[in-house]
Amino acid sequence: MANSPSSALSKAYEPKEVESRIYSFWENNRLFKPEANLNAQKRFSLVIPPPNVTGVLHMGHALDSTIQDILVRWHRMLGDKTLWMPGMDHAGIATQNVVERNLREQGKSREDLGREAFINLVWEWANARKADIAGQFKRLGISPDWERQRFTLDEGLSKAVRHAFVHLYKKGLIEQGTYIVNWCPRCVSAISDIETDYVDEESYLWEISYPLTDDSGALVVATTRPETMYGDVAVAVNPEDTRYAKFIGKKVRLPLTERELPVIADSYVDMTFGTGALKITPAHDPNDFKIGREHGLEPVWILDERGRIKPEAFIPEEIRGLDRKEARLRTEALLEQQGYLVRKREHSHRVGHCQRCQTVIEPLLSKQWFVKTKPLADRCIQSLKAGEIKFIPERWTKDYLRWLTDIQDWCISRQLWWGHQIPAWHCAQCRGVTVELEDPDTCEHCGSTDIQQDTDVLDTWFSSGLWPFSTMGWPDENAEDYKNFYPTDVLVTGFDIIFFWVARMTMFGLELTGKSPFHTVYIHGLIRDEKGQKMSKSKGNTVDPVELIDEVGCDGFRFGLTSLITYGGQDIKLAKDKIDQGRLFANKLWNASRFVLMNIAPADSDGVDDQPIDTANLSLMDRWILSRYNTAVRQANQLLTDYKFGELADTLYEFVWNGFCDWYVEYAKKQLQEPERRANTQRILLHVLDGILRLLHPIMPYITEEIFQKLPHRKEQSIMIARYPQADENLIDPGISERVDYILETVRAIRNIRQQYTVPHTQPINVSIITTEPMERDAIVTARGILEHFVKLGELNVLDVMDVQSEHNAVNVVGHSRIMVPLGGLIDIEQELERVRKKMTVLLKEQEQLYKMMSNFEFLERAPQAVVEKNKARLQEVNKQVKALEEQLEGLAR
RNA sequence: GGGCGCUUAGCUCAGUUGGUAGAGCGUCUCCCUUACAAGGAGAGGGUCGGGGGUUCGAGUCCCUCAGCGCCCACCA
């Protein structure tokens, strides 16, 4: 074969080679920048949910990013000035944990290094990770403006954090206070309520006897954590509880110690639970803390920050210094030995675990910084009710609202080193706190220079909460990006971080910028494995999207993934089938494009010209494909507007494969041979292919770019900045569709008979079509060429009525027509009887239903006219079909 | 204890103003026809979890039962 012209496509699509080449092309030409769209009127912006630097790319990111990329590429093609802001999150606890673990393997601790050296080490590690993660993201083919990439701990964002903290502090919305927090003894830090995962665990309920000091008996308390008893400061009973009324005001002795505790009354105590007597441990239990405070009881700390029993003198010597788990066992043993343990019974309850390291958390009374969330949340609720923010799917609104309504104060201090150090200075002289935008030298209360910055850092989510505007240059309200792109349009994320992140962003956004940071929150489902299990590293069922991409190509992967998305935001079971379907679709697109390019090749002396399609000279099939194409265009735009990505994939798949490839491309083979049709057919092929590439580009960026660049007459440098097709309504012609669809149905009916009777497809087949329907008669006459192209026809007769009754016909019905194929001796009477009877059964059932409907007065009365008409027409059709089959059966039976 | 989601063809799932069920894969039959065998053509396959209700009409709305899954909640 001669050398291929330069525009020809290679025999097979090579994803790997194309992907790396095209991505470089995009980056080198800076096409991800919003400035790539000059003269844009409208704008569109969104921020990527910043992945943790600790993470590796997983399927969730792939889904999340693909959805965003579809929106971004679509808007860019609509001509909007489009910004997708990328970046990553420093992930305080998670990152520190990883680096500390690495240190531990070398036998070192962070304390060995000291704060500064340790932080430097974490930076080093984080920077390496950032590069890795960006590299993985690029493999997804996504198009954020990498030149703008941000990090939650970079200079600009740190400035934003500082501003936010100072603002909230001065407004009284941040406070330092002593409260019970969830304490992780392994991370040695407080964590927030939502960072605590509760797990049902089988444990015990211990009943312990506390003797009254006046020897009048004993109170038996029930507890799930006997080791905390040393921190008891009282025993509480319900004031209504007649069993214990007489003990109120008396004292009990805390077993194993010499301490005496008051018996108090509090209605919080549930008389029906346990023994109805509750030990009060304010320093180590949230409810006890509240009760203790109300009764003016001083808390007693007995657990240290690593979850060990403190070496307090009143605690039995053998217990001191023990880990809480060990302490529980030894305490139980001691209680039993000394006769205080009344009963130990099985009891299952919920135990809090640290989300980052799964360690059992201890409620611990300590001094922490809090955001008073109530006023912030109220503002979010108002904003929601004012319609300033909308969730898709809508049902998540309820969760968001409920959480905001029942919101608890947010503990934002963490006893870590990696993160934004809290910008508060404590005075050693007057104990006052100084919080300013600039680092202070002196205490603002007493002027002392003996001040020290708080050693805690902020919860990671504090900085993530500022993300949509901190990345845009806030607090500088004149920053270009802030002016141009804030507020953003849409936020795309999973439901698991609605509370962690979405709500924090709206709280901060409304408070600090006065605006909701986005108007739409698109919540997608979780990606699960083939069995429907949540993917997790511990289960070992994670799928690496990059590996899948290596296997099937990025476009196939993205298309498959997109087709799995549902509007209801259902969790997605990762089906390899669907991913493969995407791969096959890419292949189909590639080959269809090859066909088109081969047949319009410039090397061909009469290759496609650059004239517009001659709409005055269109064949039926031309008009049909243009109608279908424009219908698909209309649907695609609508589906994108409605965030219906799965349907978008299905719609385009159907059009490209079953519309364009199966019928038009096949028919074009004929038209290309016809001198008077050739040029226009080439133009139409090119036009529709070009449109298909554009329509698919948001989902399949690489292959569409690769083919696009081979198209003749293209004006744009890249498909990325080519216009997304808009429907030409004039070319949508239902009448043409109806006629051609009828012909294609007829093609199928004839093929069906050919297959049934195994007539070789090389053998011409004679067909008689009996119909009185004008549209059908007309279609057969005018579209005879179509029929002939798709089935090897012999004689074709179009008749008003049956002229002969022949038992040697095979029959099928289409619309009002009966399609008869005389088969002479070939026909197997029994087989044909069987086949026709089967069709009859189905038809009769439908006929009965339709008759029922038509004889139902109320249906005719109340159903919409269009529905009545539609069914009426269908009944007529069915009647004709039934009649045709009846006659056929008679003929066969003769 | 509240709240939410799911139950549709052998498998995985679509199906939002209620109009009489679809796709992919798999299965069966035929075909290497010059874009594609990673393909083409044809076929079979479902009383839409059970029950009840509203309606001319329900996979779609309401109630109820069953199974599965998730989220939230301070009962020691």
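The chains referred to below are lettered A, B, ... by the order of the sequence lines, with proteins before strands, and numbering in each begins at 1. Side chains are part of it too, since the values below use all heavy atoms of this structure and drop only hydrogens, waters and symmetry mates. Values in this document were obtained by computation on a predicted structure and should not be read as measured data.
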J.: Please give the nucleotide sitting opposite A23(B) as a Watson-Crick or G-U wobble pair, both distances under 3.5 Å, or none.
T.: U12(B)
J.: Just the atom pairs and distances: protein N or O near nucleotides 72-76 of chain B's N or O, under 3.5 Å.
T.:
| unit_1 | atom_1 | unit_2 | atom_2 | d |
| --- | --- | --- | --- | --- |
| C72(B) | O2' | R402(A) | NH1 | 3.2 |
| A73(B) | N6 | R350(A) | NE | 3.4 |
| A73(B) | N6 | R350(A) | NH1 | 3.2 |
| C74(B) | O2' | N287(A) | ND2 | 2.8 |
| C74(B) | N1 | N287(A) | OD1 | 3.4 |
| C74(B) | O2 | Y268(A) | OH | 3.2 |
| C74(B) | O2 | N287(A) | OD1 | 2.8 |
| C75(B) | O2 | D270(A) | OD2 | 3.2 |
| C75(B) | N3 | D270(A) | OD2 | 2.2 |
| C75(B) | N4 | D270(A) | OD2 | 3.1 |
| A76(B) | O2' | A222(A) | O | 3.4 |
| A76(B) | N6 | D270(A) | O | 2.7 |
| A76(B) | N6 | F273(A) | O | 2.9 |
| A76(B) | N1 | D270(A) | N | 3.1 |

J.: Output yes when at least one side-chain N/O atom of K11(A) is less than 4.0 Å from OP1 or OP2 of A35(B), else no.
T.: no
J.: Nearest to the side chain of D399(A), heavy atoms from C-beta on, is which of U12(B), C71(B), G40(B)?
T.: C71(B)
J.: Using whole Å, report how far NZ of K588(A) lies from P of A38(B).
T.: 12 Å
J.: So, does W657(A) get its side chain near the phosphate of G40(B), meaning an N or O under 4.0 Å from OP1 or OP2?
T.: yes
J.: Rounded to the nearest 0.5 Å, what's the gap from CD1 on I498(A) to CD1 on I523(A)? Could you check?
T.: 4.0 Å
J.: Take atom CG of L574(A) and atom C1' of U12(B), then tell me their distance rounded to the nearest Å.
T.: 11 Å
J.: Students often mix this up, so state it plainly: with edges at 30° and 60°, are the rings of Y400(A) and F391(A) parallel, tilted or perpendicular?
T.: tilted
J.: Looking at K398(A), does any N or O in its side chain come under 4.0 Å of the phosphate oxygens OP1/OP2 on C4(B)?
T.: yes
J.: Do other residues, nucleotides or ligands put more than 12 heavy atoms under 6.0 Å from the CD atom of E346(A)?
T.: no
J.: Can you confirm whether more than 12 heavy atoms, excluding those of E394(A), are under 6.0 Å from its CD atom?
T.: no
J.: Should we say atom OH of Y757(A) is surrounded by more than 12 heavy atoms from elsewhere, each under 6.0 Å from it?
T.: yes
J.: Nearest whole Å is fine: how far is C36(B) C1' from W663(A) CH2?
T.: 17 Å
J.: Could I get a table of every N or O pair under 3.5 Å where one atom is in the protein and the other is in nucleotides 27-30 of chain B?
T.:
| unit_1 | atom_1 | unit_2 | atom_2 | d |
| --- | --- | --- | --- | --- |
| U29(B) | O2 | Q755(A) | NE2 | 2.4 |

J.: Any idea how F645(A) and Y643(A) line up, ring-wise: parallel (<30°), tilted (30 to 60°), or perpendicular (>60°)?
T.: perpendicular
J.: Atom CZ of F790(A) and atom C1' of U33(B): how far apart are they, to the nearest Å?
T.: 13 Å
J.: Looking only at atom types and distance, does a side-chain atom of R751(A) sit under 3.5 Å from a main-chain N or O of T746(A), one as donor and one as acceptor?
T.: no
J.: Pick base, sugar-phosphate or nothing for V221(A), based on heavy-atom distances below 4.0 Å to the nucleic acid.
T.: nothing
J.: Taking the six-membered ring for Trp and the full ring for Phe, Tyr or His, determine whether the centres of F273(A) and H347(A) are under 6.0 Å apart.
T.: yes
J.: To the nearest Å, give me how far apart CG (D496(A)) and P (C70(B)) are.
T.: 14 Å
J.: Could you give the CD-to-P distance, from E788(A) to U33(B), as a whole number of Å?
T.: 23 Å
J.: Across all strands shown, which nucleotide pairs with G69(B) by Watson-Crick or G-U wobble geometry, both distances under 3.5 Å?
T.: C4(B)
J.: Atom CZ of F495(A) and atom P of C71(B): how far apart are they, to the nearest Å?
T.: 7 Å
J.: What are the atom names and distances for every N/O pair under 3.5 Å that joins the protein to nucleotides 43-46 of chain B?
T.:
| unit_1 | atom_1 | unit_2 | atom_2 | d |
| --- | --- | --- | --- | --- |
| A43(B) | OP1 | N752(A) | ND2 | 3.0 |

J.: Is the closest side-chain heavy-atom distance between V235(A) and I264(A) below 4.5 Å?
T.: no
J.: Which pairs, with at least one residue in residues 558-600 of chain A and sequence neighbours excluded, count as a ring pair (Phe, Tyr, Trp, His ring centres under 6.0 Å)?
T.: Y13(A)-W590(A), F559(A)-F585(A), F585(A)-Y653(A)
J.: Want to settle it: does A575(A) or A12(A) sit nearer the 5' end of RNA chain B, counting the closest nucleotide to each?
T.: A575(A)
J.: Quick check on E788(A): does its CD atom have over 12 non-hydrogen neighbours (other residues, nucleotides or ligands) under 6.0 Å away?
T.: yes
J.: Please identify each residue that fulfils side-chain hydrogen bond (donor to acceptor under 3.5 Å, both in side chains) with E861(A), with sequence neighbours left out.
T.: none
J.: Within the pair R751(A) and G42(B), is there a side-chain N or O less than 4.0 Å away from OP1 or OP2?
T.: yes
J.: Counting primed atoms plus P, OP1 and OP2 as sugar-phosphate and everything else as base, spell out the protein contacts along nucleotides 13-26 of chain B at 4.0 Å heavy-atom distance: B, S or - for each nucleotide, 5' to 3'.
T.: SS-B--BB---SS-
J.: Determine, step by step, whether F495(A) and D571(A) satisfy the side-chain contact (heavy atoms from CB on, under 4.5 Å) criterion, reporting the C-alpha distance in whole Å, the side-chain angles of both residues, the deciding distance to 0.1 Å, and the verdict.
T.: CA-CA 10 Å; F495(A) 58 80; D571(A) 285 354; 3.6 Å; yes
J.: Strictly by Watson-Crick or wobble contacts shorter than 3.5 Å, is anything paired with U47(B), and which nucleotide is it?
T.: none
J.: Give a yes or no on this: more than 12 heavy atoms of other residues, nucleotides or ligands lie within 6.0 Å of atom OH of Y179(A).
T.: no
